[in-house]
Amino acid sequence: MNLKELIFGGAVRNAGGVGGAYRDSIQAWLPIKNIIGGVVVTKDNRFIKVCEVLPVNFYLKSPADQENIIISFASYLKIAPNTLQIMVRTQKADMADYVARMRSYAEAEENEKCREMIEDNIAEVGWLGSSSAITRRFFLAFQYEPQMKAKRNTVRAIADRLNEEADTARRYLDVCGLEVLEPRYADNMVLELLYEIINKKTSRRVKLPPGVFDMTTAVHGLYETEDSQ
């Protein structure tokens, strides 16, 4: 099961065509209920935490370091959520920003030979991007389980409990040399990720409008919330 299947199941439809249950709801863009504290609330009332992990080149490590990495990772797996999944998202590399930057250099370059070299570089990068260059992103994903025992039966409390699990993963994987990213705006990061997953081609040329990021808010009608008390 990949990340798309885990979160959306069979309910995937094109973004922008999903009727939200509430006005100005994120459901108008994605087939989920909401994103709260970086946690995805699915339409079938599951809570899923997604963490992006920066990989380490295991084969460049010394034998002793490799052994420590294996031991530390095995230790984490013993206490990790039962639903933990490790996922990889592979796609063609996006060279647009690099090419734009190189074109600005070419325009500012006064030496004709240097400009030609830059243009050759742009052409080569464009060919690599369209033929063989790929990027990979690595994720941990897990669901809320009853045995996690959130302090209260509220959306916010469950999200906080899942974020505690993410902090635990971060501590263990740090010993392995793996960095679990801590985005400043976790809701926005997850929103953009899900949009890219279900709109793989469109998302390359059509970015989410700023107003969408204001739609991540309290989910009504799911659990009684104490957040406003």
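Residue numbers count from 1 along this sequence. All heavy atoms count here, side chains included; hydrogens, waters and symmetry mates do not.
V180 and Y185 fall into different hydrophobic clusters, where Ile, Leu, Val, Met, Phe, Trp and Tyr are joined by side-chain heavy atoms under 4.5 Å apart, directly or via other members.
With contacts defined as side-chain heavy-atom distances shorter than 4.5 Å, the pair L84/L77 qualifies. In this structure the side chain of Y144 never reaches within 4.5 angstrom of the side chain of E165, judged on heavy atoms. Using a 4.5 Å heavy-atom threshold, the side chains of I198 and L194 count as separate.
Distance NZ/K33 to CD1/I26: 13.5 Å, rounded to 0.5 Å. To the nearest 0.5 Å, atom CD of residue E196 and atom CG of residue L208 are 8.5 Å apart. Taken to the nearest 0.5 Å, the CG atom of L30 stands 9.5 Å off from the CD1 atom of I7. In this structure, the separation between CG on L191 and CH2 on W29 is 9.5 Å, given to the nearest 0.5 Å. Taking NZ of K207 as the start and CD of E192 as the end, the distance is 8.0 Å to the nearest 0.5 Å.
Of the possible polar contacts, none joining the N34 side chain to the I36 backbone as a donor-acceptor pair under 3.5 Å is found. Side chain of R115 to backbone of E110: a donor-acceptor contact under 3.5 angstrom is found. With hydrogens and angles ignored, the 3.5 Å screen pairs no side-chain donor or acceptor of N199 with any backbone N or O of T202.
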Problem - Stepwise side chain to side chain contact (heavy atoms under 4.5 Å, CB included) test for N121 and Y105 - result: CA-CA 12 Å; N121 178 259; Y105 293 157; over 6 Å; no

Exercise for the section: Under the side chain to side chain contact (heavy atoms under 4.5 Å, CB included) rule, what do M117 and E109 come out as? Steps first, then yes or no, please. Expected result: CA-CA 11 Å; M117 291 176 62; E109 179 58 58; over 6 Å; no

Exercise for the section: Starting from the C-alpha separation in whole Å, work towards a yes-or-no answer on side chain to side chain contact (heavy atoms under 4.5 Å, CB included) for Y172 and I79. Expected result: CA-CA 10 Å; Y172 274 85; I79 55 90; 3.9 Å; yes

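The side chain to side chain contact (heavy atoms under 4.5 Å, CB included) test applied to D174 returns no partner, not counting sequence neighbours. Every residue two or more places apart in sequence or in another chain that forms a salt bridge (charged side-chain N to carboxylate O under 4.0 Å, His left out) with R103 is listed here: E119. Qualifying side-chain hydrogen bond (donor to acceptor under 3.5 Å, both in side chains) partners for Q147, counting only residues two or more places apart in sequence or in other chains: E145. Contacts of R170 classified as salt bridge (charged side-chain N to carboxylate O under 4.0 Å, His left out), with partners at least two apart in sequence or in another chain: D167, E182. For the side chain to side chain contact (heavy atoms under 4.5 Å, CB included) test, residues two or more places apart in sequence or in another chain that qualify with V39 are F47, K49, A159, L162, N163. For E179, there are no salt bridge (charged side-chain N to carboxylate O under 4.0 Å, His left out) partners, not counting sequence neighbours. Every residue two or more places apart in sequence or in another chain that forms a salt bridge (charged side-chain N to carboxylate O under 4.0 Å, His left out) with E164 is listed here: R161. Remark: E52 pairs with R137, F139, L181 by the side chain to side chain contact (heavy atoms under 4.5 Å, CB included) rule, at least two apart or across chains. Checked against side chain to side chain contact (heavy atoms under 4.5 Å, CB included), R46 has the following partners two or more places apart in sequence or in another chain: L6, T42, D44, I48, Q143. Not counting sequence neighbours, S203 has no partner by the side-chain hydrogen bond (donor to acceptor under 3.5 Å, both in side chains) test. The side-chain hydrogen bond (donor to acceptor under 3.5 Å, both in side chains) test applied to T168 returns R171, not counting sequence neighbours.
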In a table with atom names and distances, give each donor-acceptor pair under 3.5 Å that connects a side chain of residues 54-71 to protein atoms at least two apart or in another chain.
residue : atom : partner : partner atom : Å
N57     : OD1  : Y59     : N            : 3.3
S62     : OG   : D65     : N            : 3.2
S62     : OG   : D65     : OD2          : 3.3
Q66     : NE2  : F58     : O            : 3.0
Q66     : NE2  : K61     : O            : 3.3
N68     : ND2  : A64     : O            : 3.4

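When all heavy atoms of C176 and S72 are compared, the closest pair comes out as SG-CB, 3.5 Å. The two atoms that bring V53 and L140 nearest to each other are CG2-CG, 3.8 Å, heavy atoms only. Of all heavy-atom pairs between A157 and A150, the closest is O-CB, 3.8 Å. Annotation for G37 and D187: closest pair N-OD1, 3.1 Å, computed over non-hydrogen atoms.
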